[in-house]
Q: 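Here it is: the structure, laid out below.
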Amino acid sequence: MASAVAACNSAAAPEKKKKKNVETSLELAKVVQRPLGGSIRLPASLAAYQKVSIYPRINGFVQKIMVDRGSKVKKGQVLLVLEAPEVTQQYYAAQSKYIQATAMFASSKDNYERTLATSAEPGTISPHDLELSRARMLADSALMNSEKATFKAQEVNLSYLTVTAPFDGVITERNIHPGALVGPDTKVDDKPMLLLEQEDKLRLVLQVPEMYSAQLAESATVSFEVNALRGKTFTGKITRQAGTLNDRYRSEAVEIDVENPDRVLKAGMYAEVVLPLKGSAQALLVPSSAVVTSTERKYVIVVKDHYTHWVDVEEGNHHNDSTEVFGQLHAGDKVVMQANDEIKEGIKVP
């Protein structure tokens, strides 16, 4: 019985060795090191270039509203006027005190200058009287500056009664009506009085995954389509990059300025962006057909010293029939072009 087993083993051994040395004709391609430019499609959303919620700075009643939802406004245009009699009274009271303090300072200054001129004649003015005159002038000067500061503060408060547009835009929300009492402490559901947005220029905001964030070309032109406007393609340029990755999603925020003079695009629309990539300088290029993907691994088949070797890789950009790969490869290595999992490790290649 033992001799029979030995006979079987001796017969199987040459057959196994023969399988390892079967010569197979395979088409090979050389590994090249250079960046592979490509593109990816990412979701994005449009946002107003500038957007501001307008809240009341002081308490008052709404006297006039010059705009409504959809009104186009210019920078500096009056949007609404508030009425607050106590603020107006405080302003005029502060103004009167400032005028009075200015007159007192002018009088004391004149008196000091006259006293100083007279004291030039020896024996006419005592040093004590001269010092008192000077001290009175300095005190009146300090009082005048104090009243001036109060007056300017009341002047600013009075200006808050007239609300103007900080930039050109469109009123997209209105939550007040004439006669309403508004103020910092009288907000209703935390809603602003008005919402102003700039619509002739928009921001296209998207999140770029970590593996692509270093491949963005500065000021690159991108194209995008909007779900609500099928069949139309729009363009813009990469304007801003966050420079850091979001901790939760591991992505970088990128903004693209989009000119919108006809207001065809609207803030809040969803878009699909074709983002150009410049590729990685460390990437190695192989034909796309050279990469084998199985349930357990992703690899290329390298032919070295006439034998096949599986080398694990990670994929990068794809363009036409080329693919970026990262792994234990070197420029000049030869890989099987039409690779598949039937080409085993260690097969001899002529």
Side-chain angles (χ1 to χ4, degrees), residues 50-67 71 73-169 171 174-188 190-196 198:
Q50 296 185 89
K51 179 178 179 180
V52 61
S53 297
I54 299 175
Y55 289 94
R57 180 64 178 83
I58 59 176
N59 295 323
F61 291 95
V62 179
Q63 185 180 45
K64 297 178 184 177
I65 304 177
M66 286 74 167
V67 294
S71 298
V73 300
K74 295 291 184 180
K75 181 178 180 179
Q77 180 177 332
V78 177
L79 304 179
L80 59 91
V81 177
L82 303 180
E83 184 180 20
E86 65 279 7
V87 174
T88 305
Q89 292 170 3
Q90 290 168 3
Y91 167 77
Y92 286 119
Q95 185 184 50
S96 298
K97 289 183 178 180
Y98 171 56
I99 294 173
Q100 183 180 5
T102 301
M104 290 176 61
F105 169 69
S107 176
S108 60
K109 181 181 178 183
D110 181 69
N111 181 64
Y112 171 70
E113 290 175 347
R114 289 175 180 274
T115 304
L116 182 63
T118 303
S119 66
E121 186 70 26
T124 56
I125 301 294
S126 68
H128 178 68
D129 290 341
L130 180 62
E131 186 61 30
L132 287 177
S133 178
R134 180 175 179 274
R136 179 61 183 270
M137 178 192 69
L138 292 177
D140 288 345
S141 175
L143 180 61
M144 180 191 69
N145 289 332
S146 175
E147 295 296 346
K148 180 180 180 180
T150 303
F151 170 61
K152 291 297 181 182
Q154 293 300 328
E155 190 175 45
V156 171
N157 283 340
L158 187 65
S159 69
Y160 290 146
L161 297 178
T162 302
V163 180
T164 59
F167 53 81
D168 295 356
I171 301 297
R174 168 184 162 175
N175 298 306
I176 55 168
H177 298 277
L181 174 63
V182 297
D185 303 323
T186 58
K187 299 176 184 176
V188 180
D190 202 32
K191 290 183 178 180
M193 296 189 296
L194 300 169
L195 187 63
L196 176 65
Q198 182 179 353

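Residue numbers run from 1 in the order of the sequence given.
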Q: What do the steps show when you test V73 against F167 for side-chain contact (heavy atoms from CB on, under 4.5 Å), and what is the final call?
A: CA-CA 8 Å; V73 300; F167 53 81; over 6 Å; no
Q: If I compare all heavy atoms of L196 with all of A165, which pair ends up nearest, and what's the gap?
A: CD2-CB, 4.2 Å
Q: About how many Å separate NZ of K109 and CE of M144, when rounded to the nearest 0.5 Å?
A: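 Rounded to the nearest 0.5 Å, the CE-NZ separation comes out at 8.5 Å.
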Q: Measuring from atom CE of M137 to atom OG1 of T115, what distance do you get when rounded to the nearest 0.5 angstrom?
A: 10.5 Å
Q: Name all pairs fulfilling the ring pair (Phe, Tyr, Trp, His ring centres under 6.0 Å) condition that reach into residues 117-146, sequence neighbours left out, sorted by first residue then second.
A: none
Q: Suppose we screen for ring-ring contact (aromatic ring centres under 6.0 Å, His included). Which residues come up paired with Y91, at least two apart in sequence or across chains?
A: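 Counting only residues at least two positions away or on another chain, Y91 forms a ring-ring contact (aromatic ring centres under 6.0 Å, His included) with F151.
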Q: Say you draw a straight line from CG of L138 to CG of L143; how long is it, rounded to the nearest 0.5 Å?
A: 12.5 Å
Q: Only pairs at least two apart or in different chains count here, so list each salt bridge (Lys or Arg N to Asp or Glu O under 4.0 Å) that has a residue in residues 113-130.
A: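 Counting only pairs at least two positions apart or across chains, the salt bridge (Lys or Arg N to Asp or Glu O under 4.0 Å) contacts touching residues 113-130 are D110-R114.
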Q: Rounded to the nearest 0.5 Å, what's the gap from CD on E131 to CZ on R134? Could you check?
A: 5.5 Å
Q: I'd like to check the side-chain contact (heavy atoms from CB on, under 4.5 Å) partners of N175; sequence neighbours left out, ordered by chain and number.
A: E173, K191, P192
Q: Return yes if some donor-acceptor pair links the side-chain N/O of S107 with the main-chain N/O of A103 below 3.5 Å, else return no.
A: no
Q: CE/M66 to NZ/K64 distance, rounded to the nearest 0.5 angstrom?
A: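 One finds 5.5 Å between CE of M66 and NZ of K64.
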Q: At their closest point, which heavy atom of Y160 faces which heavy atom of L82, and how far apart are they?
A: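 Closest pair (atom of Y160, atom of L82, distance): O-CD1, 4.2 Å.
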Q: Take S96 and I99 through the side-chain contact (heavy atoms from CB on, under 4.5 Å) test and state the conclusion after the steps.
A: CA-CA 5 Å; S96 298; I99 294 173; 5.8 Å; no
Q: Does atom CD (Q100) have a neighbourhood of more than 12 heavy atoms from anything else shown, all under 6.0 Å?
A: no
Q: What pair of heavy atoms forms the shortest contact from I65 to I176, and how long is it?
A: CD1-O, 3.5 Å
Q: Measure across M193 and V182 and return the closest heavy-atom pair with its distance rounded to 0.1 Å.
A: SD-CG2, 4.1 Å
Q: Among residues at least two apart in sequence or on other chains, which ones pass side-chain contact (heavy atoms from CB on, under 4.5 Å) with T118?
A: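 T124, I125.
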Q: To the closest 0.5 Å, what do you measure between OH (Y55) and CG (L195)?
A: 8.5 Å
Q: Taking side-chain contact (heavy atoms from CB on, under 4.5 Å) as the test, write out the residues that go with S141, two or more places apart.
A: F105, N145
Q: If I compare all heavy atoms of S133 with all of N111, which pair ends up nearest, and what's the gap?
A: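 Closest heavy-atom pair between S133 and N111: OG-ND2, 3.3 Å.
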Q: Would you sort out whether T162 and V78 count as a side-chain contact (heavy atoms from CB on, under 4.5 Å), showing the intermediate values?
A: CA-CA 7 Å; T162 302; V78 177; 3.9 Å; yes
Q: Is D140 reaching over with its side chain to a backbone N or O of S108, donor-acceptor style, under 3.5 angstrom?
A: no
Q: On a heavy-atom basis, which atom in L80 and which in L194 lie closest, and how many Å separate them?
A: CD2-CD1, 3.6 Å
Q: Does a side-chain heavy-atom distance below 4.5 Å link V163 with V81?
A: no
Q: Which one of Q90, Q95, K97 satisfies the side chain to side chain contact (heavy atoms under 4.5 Å, CB included) criterion with Q154?
A: Q90
